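Here's the structure, in structure tokens; my notes come after.
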Amino acid sequence: MNFKKPVYVTQPYMPPLEEFVPYLEQIWDSKWLTNNGPYHRQLEKELCEYLEVPYVSLFCNGTLALMVALQVLRITDEVITTPYSFVATAHSLHWSNIQPVFVDIEPVTFAIDPQKIEAAITPRTTAIVPVHVYGNPCYVDEIQRIADTHSLKVIYDAAHAFGVQCNGKSVLNYGDLSVLSFHATKIFTTIEGGAIVCHDEEMKRRIDSLKNFGFADEVTVVVPGINAKMNEFQAAFGLLQLKHINHILSRSAEIDCRYREELKGIPGIRLLHRPAESHQNYSYFPILVEPDYPLSRDALYQYFRDQGIYARRYFYPIISDFPMYRGLPSAAAANLPVAKSVSERVLCLPIYPDLAKDDQSKIIEIIKSNL
Ligand SMILES: *Cc1c(COP(=O)(O)O)cnc(C)c1O
């Protein structure tokens, strides 16, 4: 059983090339390449409508959007966050001179455990940066209650949460700000890209200024901003992706549904719990390889690789185990047993709109064949 083409954990959806050409012609014609051009403005508008959020500010990537989110809310000192995420969550704090304080995750949804947040709050805590990991909504109501009690800001790393809803509305409406990533590996992509979602016009104005060197108008610089703007090619790519988003999401949902059907009840394979009241985007399919499965997680990972299937161990190692964080008091293994244990068992299976039916069959077959 060998694959001619490698199967990666994800693959961007590429709309027909001829549909992109008119956008390029327009850019060539106008020679407006970046700095809040027409496609940039149109994408902000269309994303507000599609995501059902009041304000969107586009960025060149999600990491700089996270850093600007921290800047605009003047977050300093210590921030409570999860170790079970992509490393950019903590790096954006580190680059902002903020000390991450890691709090363990909850074993069912892998979201930061709200019951453990309060014990980590100190007089230096200024914010909570939770992650809607795999698009599963965090415990948003509990987190807001804690933040209100202790006067903390909440910035959601919503890099996985494009189009996700909970309690009947976009999950991006929770917290003070939510930050999206549109990297090529994400379900909706602008090649590289990201966005901040905020609630009011004044905040959007400050964010837009910060991502453009701090300019308020042609001659006025009001804050020491950075260059984190999205360009017109990225915005055009995003507009085209948005035209195909229903296809992207429905194919991902079908693939998720088939994995769930086929893998449920397999001894030693645990599937991620998806809260019934949430509407997901199906951009990740993590499984936990438990001790009663015949192969270890790493053996199964290697077995897949040998067949040309590049399943990924997201998120292993946990962020707190990387050298720049492991000396922190909150990084101690005893503080993060759930995150540690999940990271040692997790494997993300390939899921993307163009995943061939045969390839998915083979992935399922491999998991079953080891029994
Ligand atoms: C992808 C990702 C980021 C970083 O986004 P970039 O656009 O690649 O900078 C941040 N946090 C999480 C959880 C991510 O998955």
Side-chain angles (χ1 to χ4, degrees), residues 8-12 43 47 56-71 75 79-96 98 100 102-103 105 109-112 127-138 154-164 171-172 174-175 177-197 207 211 226-231 233-235 237-238 241 252 272 280-286 312-320 322 325 339 342-343 346 348 351-352:
Y8 296 109
V9 72
T10 191
Q11 185 180 282
L43 184 59
L47 283 175
V56 167
S57 179
L58 295 171
F59 280 78
C60 58
N61 63 56
T63 304
L64 277 162
L66 274 170
M67 290 178 59
V68 167
L70 294 164
Q71 274 279 330
I75 305 303
V79 165
I80 289 173
T81 189
T82 170
Y84 193 76
S85 180
F86 180 60
V87 71
T89 310
H91 278 358
S92 66
L93 298 169
H94 195 292
W95 273 75
S96 309
I98 294 164
F102 298 109
V103 165
I105 57 172
T109 63
F110 310 156
I112 192 166
I128 310 172
V129 176
V131 180
H132 302 301
V133 66
Y134 308 131
N136 249 357
C138 291
V154 180
I155 300 172
Y156 282 104
D157 180 337
H160 300 179
F162 185 90
V164 170
V171 77
L172 304 172
Y174 288 93
L177 301 171
S178 288
V179 177
L180 290 158
S181 166
F182 305 145
H183 184 256
T185 55
K186 307 304 204 263
I187 188 123
F188 167 84
T189 176
T190 59
I191 310 168
E192 293 268 4
I196 300 179
V197 172
I207 291 166
K211 77 177 180 192
I226 196 159
N227 181 2
K229 303 184 300 289
M230 177 179 280
N231 69 49
F233 293 80
Q234 291 170 288
F237 196 82
Q241 283 262 320
S252 301
L272 174 64
Q280 304 273 335
N281 65 20
Y282 307 109
S283 48
Y284 295 87
F285 199 89
R312 293 290 300 271
R313 291 167 289 187
Y314 296 144
F315 289 96
Y316 167 84
I318 52 175
I319 300 175
S320 47
F322 288 119
Y325 302 115
V342 170
S343 80
V346 73
C348 284
I351 185 165
Y352 50 87

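Please read all numbers here as calculations on a predicted model, not as lab measurements. Whatever order the structure lists ligands and atoms in, that order sets their numbers, starting from 1.
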- request: Answer with yes or no whether the side chains of Thr109 and Asn136 bring together a donor and an acceptor at under 3.5 Å.
  value: no
- request: Report yes or no: do Asn231 and Lys229 form a side-chain donor-acceptor pair below 3.5 Å?
  value: no
Between ligand 1 and the protein, which N/O pairs are shorter than 3.5 Å?
residue	atom	partner	partner atom	Å
ligand 1	5 (O)	Ser181	OG	3.2
ligand 1	7 (O)	Gly62	N	2.8
ligand 1	7 (O)	Ser181	OG	2.7
ligand 1	9 (O)	Gly62	N	3.3
ligand 1	9 (O)	Thr63	N	2.9
ligand 1	9 (O)	Thr63	OG1	2.6
ligand 1	11 (N)	Asp157	OD1	3.4
ligand 1	11 (N)	Asp157	OD2	2.7
ligand 1	15 (O)	His160	NE2	2.8
ligand 1	15 (O)	Lys186	NZ	3.1

Ring pair (Phe, Tyr, Trp, His ring centres under 6.0 Å) partners for Phe182, two or more places apart: Phe188
message: Among residues at least two apart in sequence or on other chains, which ones pass side-chain hydrogen bond (donor to acceptor under 3.5 Å, both in side chains) with Thr189?
response: none
- line: Contacts of Thr63 meeting side-chain hydrogen bond (donor to acceptor under 3.5 Å, both in side chains) (sequence neighbours excluded), chain-then-number -> none
message: Can you tell me how the ring of Phe110 sits relative to the ring of Tyr84, calling it parallel under 30°, perpendicular over 60° and tilted otherwise?
response: perpendicular
